[in-house]
Structures are given as C-alpha cells and as structure tokens.
Amino acid sequence: MAPKLRDSVEELRAAGNLSFRNGQFAEAATLYSRALRMLQAQGSSDPEKESVLYSNRAACHLKDGNCIDCIKDCTSALALVPFGMKPLLRRASAYEALEKYTLAYMDYLTVLQIDDSVTSALEGSSRMTRALMDSFGPDWRQKLPSIPLVPVSAQKRWECLPSENCKETAKSKSKETTATKSRVPSAGDVERARILKEEGNELVKKGNHKQAIEKYNESLWFSNLESATYSNRALCHLVLKQYKEAVKDCTEALRLDGKNVKAFYRRAQAYKALKDYKSSFADINSLLQIEPRNGPAQKLRQEVNRSLN
C-alpha cells in the first residue's frame with residue numbers, strides 16, 4: 001500500500017512529531033521543513049504556527065548535534081514569537097555545546113524571567129556562571145551585555161498546542177517545581193546565595209533593578225529559604241511595574257517569614273497598583289499589627305482607604 005500523501009501543514013507537523021518521538025530526527029526535520037514551505041507558500045500570516053515549526057526543527061538539529069542550524073531555527077522562531085521558552089532553551093543548549101557561554105547564559109536567564117522554576121534553565125545558568133567565572137574571573141558580569149527584560153504579557157504565552165502532549169509538559173513542569181523547592185541547600189550553597197543576594201542589593205542601590213533581579217534569581221537557585229531575597233526581588237518588580245510578580249514574591253517571602261514587614265508593605269503597594277484595594281488594606285493592617293508606628297504604612301493605609309471609600 002502506498003504511503004498516504006500529507007496535504008496540510010497540520011498533517012506534516014503531526015507526522016514530524018511522530019517521527020521525532022520515534023527517534024527519527026532527520027525524517028522529522030524533513031517533514032517540518034515541508035510544513036514550513038507549505039505554510040509560507042500559502043501566504044497567510046500565522047507567526048505562532050510558523051514559530052513552532054522552526055522550534056521543532058531546531059530540536060531535531062540539536063538531537064543530531066547540528067548546533068549551528070539549531071541556533072538559526074531558534075532565532076527564526078523567536079523573531080516570530082519573542083520569548084518562547086522552548087526555542088530559548090534549545091538555543092541555550094546549542095550555544096553551550098559550542099562553548100559560547102555568554103550567549104547561553106543570556107538565554108537561560110531569559111527563560112528564568114519567564115518561569116524561575118525551570119530546572120534545566122536553573123542548572124544551565126549555574127553551569128554558565130561557573131564557566132564564565134573560570135574564563136573571565138570575578139568581574140565576569142561586567143563583560144556581559146544586558147539581559148533582555150521579559151514583559152509580563154509574554155510570561156504565559158508559550159504553551160503547548162492541542163496536537164502536542166500537554167499532559168506530559170504539565171507533569172514535567174510539576175516535577176521541575178517540586179525538585180527546585182525540595183532541594184536542600186548545602187552550606188556552600190547558602191553562602192553563595194548570600195553573596196549573590198548582597199550583589200543584588202548593591203545593584204538596587206545603583207538603580208540597576210533588571211540586573212538585580214538576575215542576581216536574586218541566581219541566589220534563589222542556590223538557596224530558596226531566604227525570605228529577604230524574595231522581598232528584595234519584589235521591590236525590583238515594583239519599580240519595573242511588574243505588580244503580579246511582586247505579589248508572588250511577597251507571598252513567598254511571607255510564607256518563609258510571617259513577620260516580614262517589607263513583604264507586607266510591598267505586597268500592599270502591588271495590590272494597590274492592581275486596584276485590589278481590599279487585599280492592600282488587609283496587608284497594611286497586618287503590617288501595623290507588627291509595627292504600629294510605621295509611618296509609610298500609615299500613609300499608605302490612608303491612600304488605600306480613600307480608594308475604598
């Protein structure tokens with residue numbers, strides 16, 4: 001029986017996915033290439049679908065050790081849909097294999113802005129930190145270009161499509177999150193986390209809030225048991241108007257230390273900016289129970305109270 005002809009982009013992509021799962025990476029890449037040519041020939045603008053095809057073909061190249069073409073395809077995917085997690089991770093792996101550690105580090109750190117629980121990005125950034133320190137010494141960070149700031153709108157954008165195995169992705173993410181939270185830091189990890197947190201604090205003093213977030217991200221990879229690191233990162237998110245992220249960090253800080261006054265205050269500020277005045281008012285009251293004479297909190301309560309009324 002002659003093989004069935006595939007006459008749609010969706011069929012070609014599905015066939016490519018099947019070949020990839022079966023370990024037939026060259027065949028999968030060929031099918032993705034055909035799907036891309038067909039999509040582009042149709043002339044209809046579907047950047048997300050085209051981006052997925054580039055990213056999928058990049059995965060084939062990476063499996064076959066073709067890092068150069070992997071990087072090209074990932075870059076094409078990201079040009080169509082910026083801040084896609086899969087092409088960022090695949091490009092980072094390819095850069096790392098080519099010993100382009102600075103570029104790999106930037107991609108890993110970009111992923112961590114999207115989701116700071118992705119184990120492969122956490123481990124990759126840690127490896128790149130060691131490699132860059134070995135190459136450039138203690139001042140290696142000064143030689144880095146600025147890490148792109150991921151907008152909040154992009155942080156939930158890269159999701160698996162219906163034809164892909166979403167359950168597998170969700171299960172993998174759950175394992176990553178659990179592994180990160182359950183990892184017990186060694187004494188050396190705690191010390192490295194402390195140093196990175198202090199470096200982040202210095203960057204905050206200089207007004208470099210984006211770079212400070214990167215430092216706090218790294219610090220939390222080594223040890224996620226320090227309440228102040230979360231509340232300090234929340235301050236950066238507030239300055240950058242990333243209010244939902246500030247709420248998340250303050251909540252985590254308060255889980256670790258229920259009397260973290262700064263976390264209560266910053267979460268109240270974030271809630272106020274999000275116009276969730278009831279939650280803001282509740283946080284200010286909790287803060288004032290700990291520090292009744294806290295002037296900034298008293299002033300903020302008056303402002304929030306006016307909004308409530």
Polar contact flag, side-chain donor to acceptor under 3.5 angstrom, H237-E245: no
Side chains of S126 and R130, donor plus acceptor under 3.5 Å: yes
I want to check something: taking the side chain as every heavy atom from C-beta on, are [X] and [Y] in contact at a cut-off of under 4.5 Å?
| X | Y | value |
| --- | --- | --- |
| N66 | F25 | no |
| R266 | N232 | yes |
| S93 | E96 | no |
| E48 | V52 | no |
| V81 | P87 | no |
| C70 | R91 | no |
| L36 | V9 | no |
| Y271 | K278 | no |

Test side chain to side chain contact (heavy atoms under 4.5 Å, CB included) applied to C74 and Y54, step by step: CA-CA 6 Å; C74 289; Y54 275 118; over 6 Å; no
Exam field: side chain [X] to backbone [Y], donor-acceptor pair closer than 3.5 Å:
| X | Y | result |
| --- | --- | --- |
| S19 | A28 | no |
| S135 | A131 | yes |
| N260 | A263 | yes |
| T129 | S125 | yes |
| N22 | L18 | yes |
| R13 | Y32 | no |
| D257 | K259 | yes |
| H61 | A59 | no |
| S223 | V190 | no |
| Q211 | V204 | no |

Return the [atom1] to [atom2] distance between [X] and [Y], rounded to the nearest 0.5 Å.
| X | Y | atom1 | atom2 | value |
| --- | --- | --- | --- | --- |
| K100 | M128 | NZ | CE | 14.0 Å |
| K86 | S51 | NZ | OG | 10.5 Å |
| R233 | Q242 | CZ | CD | 10.5 Å |
| L12 | R37 | CG | CZ | 9.5 Å |
| D46 | Q42 | CG | CD | 9.5 Å |
| D249 | E252 | CG | CD | 8.0 Å |

Salt bridge check: are [X] and [Y] linked by an N-O gap of less than 4.0 Å?
| X | Y | value |
| --- | --- | --- |
| E191 | R194 | yes |
| E198 | K215 | no |
| R306 | E303 | no |

Residues clustered with I284, ILVMFWY side-chain links under 4.5 angstrom: L254, V261, F264, Y265, Y277, F281, L287, L288, I290, L300, V304, L308
Worked verdict on L103 versus L98 for side chain to side chain contact (heavy atoms under 4.5 Å, CB included): CA-CA 10 Å; L103 295 172; L98 294 173; over 6 Å; no
Test side chain to side chain contact (heavy atoms under 4.5 Å, CB included) applied to E226 and L256, step by step: CA-CA 7 Å; E226 178 64 52; L256 293 165; over 6 Å; no
Say whether [X] and [Y] are linked into one hydrophobic cluster, either directly or through other cluster members, by side-chain heavy-atom distances under 4.5 angstrom.
| X | Y | result |
| --- | --- | --- |
| L80 | L53 | yes |
| Y216 | V239 | yes |
| M85 | M106 | yes |
| L62 | Y95 | no |
| I213 | L235 | no |

Partner of R267 by side chain to side chain contact (heavy atoms under 4.5 Å, CB included), out of S231, C250, S280: C250
Work out which heavy atom in [X] is nearest to a heavy atom in [Y]; give both atom names and the distance.
| X | Y | value |
| --- | --- | --- |
| P145 | T102 | CD-CG2, 3.9 Å |
| V111 | A121 | CG1-CB, 3.7 Å |
| I114 | F83 | CD1-O, 3.3 Å |

Check against side chain to side chain contact (heavy atoms under 4.5 Å, CB included), Y230 and N224: CA-CA 9 Å; Y230 284 104; N224 59 359; 3.5 Å; yes
Qualifying ring-ring contact (aromatic ring centres under 6.0 Å, His included) pairs, either residue in residues 97-122, two or more places apart: Y105-W140
